[in-house]
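Some notes on the structure that comes next.
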Amino acid sequence: MLSSQDSVPDGCANAAGGSVATDTCLDGVALKPTEVDLDTADDLRMGTFTVDYEGHDHVPDASTLERLAAEREVRVTVPVRADGYDPLGDSSALDALPSQVDLVFVAGNAAYLADRERERAVAPRLGAALERTRDAWVGTEGIERLALATGATQFELLSRSTVPTVRGLRSAGFGGEIAVYAPTVLTGDEDAILDAMGAYVSRRRPVARALPDDAPTDATARGRARSVLLDAARDYALVGSNATIRERVASLRAVGVDTVVGYPARGLDAFDA
């Protein structure tokens, strides 16, 4: 059982030593079942786990989720258009999730949806899902305005616009919770950053436009391509030493972000400290 000292403590900005949670001030970790055996995450000292949806074949079994949820907050991503999770249709998989876990409702990554699922309307399903579970988060990717209209906790993907967007929301009077999903690389080594994040950031439209044609996106990148990719990695991810990441997290909190969840882009081992 995790003690209260194992989660992010008050005054975390001044914390040093002990765990990734206290060294970086991250509130939680995002787990991809295709990359991580959730049984190995048991001892990871984070107060919140979010479990990504990567298709029906990779949903953790109920006993695993129950065990993890006994010691921390566990949130499972639920694609409201997918068979089994559709609150206006087949909701059998949604109904089977343990009551101990919390939820993150999303439209769903098209890569994990069949053609018939992609055609389903998001808005009515998101509304029906939130009627069932009022304390759920809503993943905003691709449905930003719709997510905001729900008033639920906004689960934003970190980008170069996160700070001004959150500042604007708070200035406009949005009083709901805001959480941020942030790919995280716990090193300042540029080659390691590019190997972990180069391909990811290269798919962002502003980055793709700035990259030279046919430029490599990993550690072999040189010249302008390398510079563009490294700058983008700092915009779209948390990269650097624990202290550097702690400063980035503090800057996010300063504009109104409530929760920061790091995705271990180099694998879970770097977080298991």
Can you tell me how far apart [atom1] ([X]) and [atom2] ([Y]) are? Round to the nearest 0.5 Å.
X      : Y      : atom1 : atom2 : result
Arg253 : Cys25  : CZ    : SG    : 6.0 Å
Thr217 : Leu211 : OG1   : CG    : 8.0 Å
Glu144 : Leu148 : CD    : CG    : 10.0 Å
Ile143 : Glu141 : CD1   : CD    : 9.5 Å
Tyr85  : His56  : OH    : NE2   : 6.0 Å
Arg75  : Asp102 : CZ    : CG    : 4.0 Å

Among the clusters formed by ILVMFWY side chains lying less than 4.5 Å apart, do [X] and [Y] turn up in the same one?
X      : Y      : result
Val78  : Phe49  : yes
Leu169 : Leu157 : no
Val122 : Leu103 : yes
Tyr112 : Leu94  : yes
Val180 : Val29  : yes

Please give me the minimum heavy-atom distance between [X] and [Y], naming the atom from each residue.
X      : Y      : result
Val138 : Ala147 : CG1-CB, 3.5 Å
Pro216 : Ala225 : O-CB, 4.5 Å
Leu97  : Val101 : CB-CG2, 4.3 Å
Arg120 : Ala82  : NH1-C, 3.9 Å
Val80  : Pro87  : O-CD, 3.7 Å
Arg167 : Val255 : NH2-CG1, 3.5 Å

Answer yes or no: is there a donor N or O on one side and an acceptor on the other, between the side chain of [X] and the main chain of [Y], under 3.5 Å?
X      : Y      : answer
Thr165 : Thr162 : no
Ser241 : Thr244 : yes
Gln100 : Ala69  : no
Arg226 : Ala221 : yes
Gln154 : Ala152 : yes
Arg81  : Gly108 : yes
Glu156 : Thr140 : no
Asp27  : Val261 : no
Glu35  : Pro33  : no
Arg248 : Ala237 : yes

Go through the steps to decide whether Tyr53 and Val106 satisfy the test side chain to side chain contact (heavy atoms under 4.5 Å, CB included), and finish with yes or no. CA-CA 10 Å; Tyr53 179 81; Val106 298; 5.9 Å; no
More than 12 heavy atoms of other residues, nucleotides or ligands under 6.0 Å from CZ of Arg222: is that the case?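 Counting neighbours around CZ of Arg222, more than 12 heavy atoms of other residues, nucleotides or ligands fall under 6.0 Å, so yes.
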Between Arg170 and Asp258, is there a salt bridge with N-O shorter than 4.0 Å?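 Here Asp258 pairs with Arg170 in a salt bridge, since their nearest N and O are under 4.0 Å apart.
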In terms of side-chain geometry, is the basic nitrogen of Asp61 or Arg67 positioned less than 4.0 Å from the acidic oxygen of its partner?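 Salt bridge absent between Asp61 and Arg67.
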For the residue pair Tyr181 and Asp52, confirm or rule out a side-chain donor-acceptor distance under 3.5 Å.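 Yes, because at least one side-chain N or O of Tyr181 sits under 3.5 Å from a partner of the opposite role on Asp52.
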What side-chain donor-acceptor pairs closer than 3.5 Å can you find for residues 227-236, not counting sequence neighbours?
unit_1, atom_1, unit_2, atom_2, d
Arg234, NH1, Leu230, O, 3.3
Asp235, OD2, Arg160, NE, 3.4
Asp235, OD2, Arg160, NH2, 3.1

Mind running side chain to side chain contact (heavy atoms under 4.5 Å, CB included) on Lys32 and Glu54 for me, showing each step along the way? CA-CA 7 Å; Lys32 292 183 179 294; Glu54 298 178 285; 3.3 Å; yes
Could you tell me whether the side chain of [Y] reaches within less than 4.5 Å of the side chain of [X], counting heavy atoms only?
X      : Y      : result
Phe105 : Thr150 : no
Thr184 : Tyr263 : no
Thr77  : Phe155 : no
Ser159 : Arg204 : no
Leu186 : Arg266 : no
Pro79  : Asn109 : no
Asp83  : Arg116 : yes
Val166 : Leu252 : no

Before giving the answer on side chain to side chain contact (heavy atoms under 4.5 Å, CB included), spell out for Leu26 and Leu238 the whole-Å C-alpha distance, their side-chain angles and the decisive distance to 0.1 Å. CA-CA 10 Å; Leu26 289 169; Leu238 300 175; 3.8 Å; yes
Which residues share a ring pair (Phe, Tyr, Trp, His ring centres under 6.0 Å) with His58, sequence neighbours left out: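 Counting only residues at least two positions away or on another chain, His58 forms no ring pair (Phe, Tyr, Trp, His ring centres under 6.0 Å).
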Dump the intermediate steps for side chain to side chain contact (heavy atoms under 4.5 Å, CB included) on Thr24 and Val249, then the final yes or no. CA-CA 7 Å; Thr24 64; Val249 172; 5.6 Å; no
